[in-house]
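Chain naming here is simple, since letters A, B, ... match the order of the sequence lines and numbering starts at 1 in each. Keep in mind that the numbers below use all heavy atoms, side chains included, and drop hydrogens, waters and symmetry copies.
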Amino acid sequence: MSRPDRREHGQIRALNCVLGQLSRTDGSAQFSSGSTSLLCGVYGPIEARLFEEKIDRAHVDVRLRPDIGLPTTKDKWAESAVRKTFERNILSHLHPRTLIQINLQVKEGDGGVDAAAINATSLALVDAGIPLKTMVAAACCAVRADGEIVADPTEEEARDALSIHTFAFSSTSPDDNPVYVDSRGSFTMEQYDKCYDLCAMTVQRILAFMRTAIEGK
Amino acid sequence: MVAEIPPSSIEAAFVLEALQKGVRVDGRGLYDYRALRISCGPALGMVEVQLGQTRVLARVSCEVTRPAPERPTEGIVQFGCELGSLAAPGLDSGPRASAQEVSVSRMVERIIRQSRAIDTEALCIMAGEQVWTVRIDLHFLDHAGNLVDAAAVAAIAALRHFRRPDVTVDGETAIIHDPRDRNPVPLSIHHTPVCVSFAFLGANGQLVVLDPALLEEQTQTAAFTVTLNAHREICALNKAGGVSLDAEQISRCTQVAVTKAEELINAINKALVQ
């Protein structure tokens, strides 16, 4: 069964990114995967509020705003996806008692928002010059009702899917464990392994894309 | 989250001194707008406006709801306007909206709602039962001065760009057509209101500039916004707080605003055609 936009099962949508567009932030990146587009602006290291100040590391704060309507739990989940991915990846011990504030704005949301948020943040952190352990990229895939596994599902495909998986990997080694995993729905371990492999492969391509984008800055 | 650092006294003095010689910090003329770029789409009702470095994104969406009981034949227009920490450091520091956010969002809401730009009667599907609720979400991406003008252009352009699903009313039932089966239809927009903002600097507000950039806005002593449409009609005037201004200054600015509003509306029309 073909996909609504006639892509191959393993084919992701066209990637696009623009770095350093915003004038007030320390670093910014706009990342789009087809019709899912997010803008990330990073301030940091900046002064932290007293109650969130940590004596030995920087505090990482993530805020995500949806394109339409007020923020819901879905957006809170995306915030936590980004925070969990980068809390350990940012070298926060180099900037104790400061705040690294990551602001995300969904410009267009059409499936794979969590993964796109992680990708946009990765690029924005590099643009801001925040020290990181590694580059991180994320990819999303879904298991359709007919058992086929499709990469980078649209909102429509995600709605009808039996399960959705988001993986984030770091750039140091493809054999490393993923940095972030979010699998939801009902699936077999065999399907999970296939999704893992598909996302790992996709992430490598996204990392290569990011590298080209940063080098071309 | 760092508090917004006000400009240093040297910067503020420089802005004033330069203006006294008729020169603006970024080299513009006193009544010149910054470069305006309006990008529409790809989604329907999605418009991003860049006015110099200031960036605003508008998204329009709609859904079918019950009408308000006191207005059974009119649709509903909702606004969502958040000036968050993405736009500038130090914003969004509490659960309550900041004064600036409230003032910008009230301004845009006023020009769209109170100037009756949208025909709310045309949003009615079945009186007393079903109407369209049109929602306009404004996202401030970059605050580099004069958010109001950029936001107003984004909001009205997005409303004109938006298409809602087509509806057929068959006696007692209303059929809402999927956009893939029947082309969605535009909203009924009566006119295109835009805002033209001025900043007054100096102790008595004697120096005036159009479309203040961030530094000019931070050192202004008064501000004035005129809302106009293409028929040279004034929809709203807003001068809230700041030093007292001469009536003559106000009327001169309004004259300038008429020409400038035409420029803005032409830019919107051009962007929507593409």
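- Looking only at distances, a side-chain donor or acceptor of B:H139 sits under 3.5 Å from a matching main-chain atom of A:D67.
- The minimum heavy-atom distance between A:C40 and B:L86, with the atom names listed, is C-CD1, 4.5 Å.
- Within a 6.0 Å sphere centred on CZ of B:R37, other residues, nucleotides and ligands contribute 12 heavy atoms or fewer.
- If you measure heavy-atom distances from B:E48 to chain A, the contacts under 4.5 Å come from the side chain alone.
- Listed for the B:D137 side chain is a donor-acceptor partner under 3.5 Å among the backbone atoms of A:G69.
- There is no contact between A:I102 and chain B, counting heavy-atom distances below 4.5 Å.
- Other residues, nucleotides and ligands place no more than 12 heavy atoms under 6.0 Å from the CZ atom of A:R97.
- Between chain A and the options B:G80, B:A88, B:S61, heavy-atom pairs under 4.5 Å are most frequent for B:A88.
- A 6.0 Å sphere centred on NZ of A:K133 holds more than 12 heavy atoms belonging to other residues, nucleotides or ligands.
- Within 6.0 Å of atom OH in B:Y33, more than 12 heavy atoms from other residues, nucleotides or ligands are found, so the atom counts as buried in its surroundings.
- The CG atom of B:D142 sits 9.0 Å away from the CG atom of A:L39 when rounded to the nearest 0.5 Å.
- Proximity to chain B at a heavy-atom threshold of 4.5 Å picks out A:Q21, A:L22, A:S23, A:R24, A:T25 from residues 4-28 of chain A, in numerical order.
- Taken from CE in B:M46 to OG in A:S35, the straight-line distance is 10.0 Å, to the nearest 0.5 Å.
- Proximity to chain A is limited to the side chain of B:L214, based on heavy atoms less than 4.5 angstrom apart.
- Heavy atoms closer than 4.5 Å to chain A are found in the side chain of B:L57, but not in its backbone.
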